[in-house]
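For ligands, and for the atoms within them, numbers begin at 1 and follow the listed sequence. For this chain, numbers begin at 1 and follow the sequence in order.
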Amino acid sequence: MMAGPKIAPSILSADFAKLGEEVRAIDAAGCDWIHIDVMDGHFVPNLTIGPGVIKAIRPHSRKVFDVHLMIAPVDPYLQAFAEAGSDIITVHAEAGPHLDRSLQVIRGLGKKAGVSINPGTPETAIAHVLDKIDLVLVMTVNPGFGGQTFIASQLEKIRRVRAMIGDRPIDLEVDGGINRDTAKQAIGAGANVLVAGNAVFSSKDYAANIAALRSAV
Ligand code: DX5
Ligand code: ZN
């Protein structure tokens, strides 16, 4: 059967004035992956970080850098994010007309490829790229900001994506509004990776916060 869920703290909720230290802290606190939210002020209404910052924090942890690109266009930047030290590069199905090409480019760069879908996007958007991906990221908030409320209607979508994945070696990650309650619901619906921003960073004891999410399911 499936192992326990992977926990991927989103450094969007970390203290940007000491990012390296924050990355080391969540690593030591027992996270599985480190989730990095890249926003362009165009595809989503917020601006965050670019490849230079990823390169700067890369030496601070050997854990998987799970890079969530909320940018459009995405293709011109894939190489820079690969070279910066990303392990998984996730693009949005809504970000451009050539999803299949973007995924091929990511794998061609030697990285794991992920595809994300917004709350308003049906799961059928990924039906024809299942052979080109290592991860599906179902957004459970509208992307752009941490600390939003989980959109419960996405649970049915998570169930459907899990069924579509079948026995393929594809991770199913959820992102947005994850706390102990919604973690349990998302895992129950078939997710196996939990992104958590506020739930990990909002109080000091990161290890306890990560452990609380693990034990919630
Ligand atoms: C939202 C980002 C999320 C966000 C999650 O656009 O993709 O990763 O940081 O934050 P919480 O867990 O606080 O909802
Ligand atoms: Zn994210």
Could you check whether Asp134 pairs with Arg107 (Lys NZ or Arg NE/NH1/NH2 to Asp/Glu carboxylate O, under 4.0 Å)? yes
Looking only at protein heavy atoms, what sits closest to atom 10 (O) of ligand 1 is Gly146 CA, 3.6 Å
Output the list of atoms in ligand 1 that are nearer than 4.0 Å to some heavy atom of Ala196, sorted by atom number. 12 (O)
Side chains of Thr121 and Asn118: is there a donor and an acceptor less than 3.5 Å apart? no
For Met39, the atoms of ligand 1 under 4.0 Å from one of its heavy atoms are 6 (O)
Test: Lys132 and Asp100 ion pair at under 4.0 Å: yes
Per the side-chain hydrogen bond (donor to acceptor under 3.5 Å, both in side chains) rule, which among Asp175, Thr90, Thr48 passes with His68? Asp175
Parallel, tilted or perpendicular, judged at 30° and 60°: which one describes the rings of Phe201 and Tyr206? perpendicular
Min N/O separation Ile178 to ligand 1 under 3.5 Å: no
Is there a polar contact between ligand 1 and Ser13, counting only N or O atoms under 3.5 Å apart? no
Hey, are Lys112 and Asp87 close enough for a salt bridge, meaning a charged N less than 4.0 Å from a carboxylate O? no
Among protein heavy atoms, which sits nearest to atom 1 (C) of ligand 1, and what does the distance come to when rounded to 0.1 Å? Phe145 O, 3.6 Å
What residue and heavy atom of the protein are closest to atom 14 (O) of ligand 1, and at what distance? Gly177 N, 2.8 Å
Would one find an N or O of Gly176, backbone or side chain, under 3.5 Å from an N or O of ligand 1? no
Under a 3.5 Å cutoff, is there a donor and acceptor pairing between the side chains of Gln154 and Thr140? no
For ligand 1, which atoms sit closer than 4.0 Å to a heavy atom of His68? 7 (O)
What protein heavy atom is closest to atom 6 (O) of ligand 1, reported as residue, atom name and distance in Å? Gly144 N, 2.7 Å
Compute the minimum heavy-atom distance from Ala199 to ligand 1 and say whether it is under 4.0 Å. no
Pair Arg160 + Glu123: basic N to acidic O under 4.0 Å: yes
Electrostatic pair Glu156:Arg159 at N-O distance under 4.0 angstrom: yes
According to a 4.5 Å side-chain heavy-atom criterion applied to Ile, Leu, Val, Met, Phe, Trp and Tyr, with indirect links allowed, do Tyr77 and Val38 form part of one hydrophobic cluster? yes
Out of Ser13, Ser203, Ser10, which residue meets the side-chain hydrogen bond (donor to acceptor under 3.5 Å, both in side chains) rule with Asn198? Ser13
Among Ile, Leu, Val, Met, Phe, Trp and Tyr joined by side-chain contacts under 4.5 Å, find the other residues sharing a cluster with Met139 and list them by chain and number. Trp33, Val64, Ile88, Leu135, Leu137, Val141, Val193
If we set the cut-off at 4.0 Å for heavy atoms, which region of Asn198 has an atom near ligand 1: side chain, backbone, both, or neither? both
Subset of ligand 1 atoms that lie under 4.0 Å from at least one heavy atom of Ser10: 8 (O), 9 (O)
Proximal atoms of ligand 1 relative to Pro143 (non-hydrogen, under 4.0 Å): 6 (O)
Measure the distance from atom 12 (O) of ligand 1 to every protein heavy atom, then report the residue, atom name and distance (to 0.1 Å) of the closest one. Gly197 N, 2.8 Å
With heavy atoms of Met70 as the reference, note each atom of ligand 1 found under 4.0 Å away. 6 (O), 7 (O)
Looking at side-chain heavy atoms only, is the closest gap between Ile187 and Asn192 below 4.5 Å? no
Distance to 0.1 Å, residue and atom name: give those for the protein heavy atom nearest to atom 5 (C) of ligand 1. Asp175 OD1, 3.5 Å
With a cut-off of 4.0 Å, which atoms of ligand 1 are near a heavy atom of Val195? 8 (O)
Do Ile71 and His42 come close enough that some side-chain heavy atom pair is under 4.5 Å? no
If waters are left out, how many protein N/O/S atoms lie within less than 2.8 Å of the Zn ion (ligand 2)? 4
Distance-minimising heavy-atom pair for Ala95 and Ala72: O-CB, 3.3 Å
Contacting atoms of ligand 1, where contact means under 4.0 angstrom from a heavy atom of His35: 8 (O)
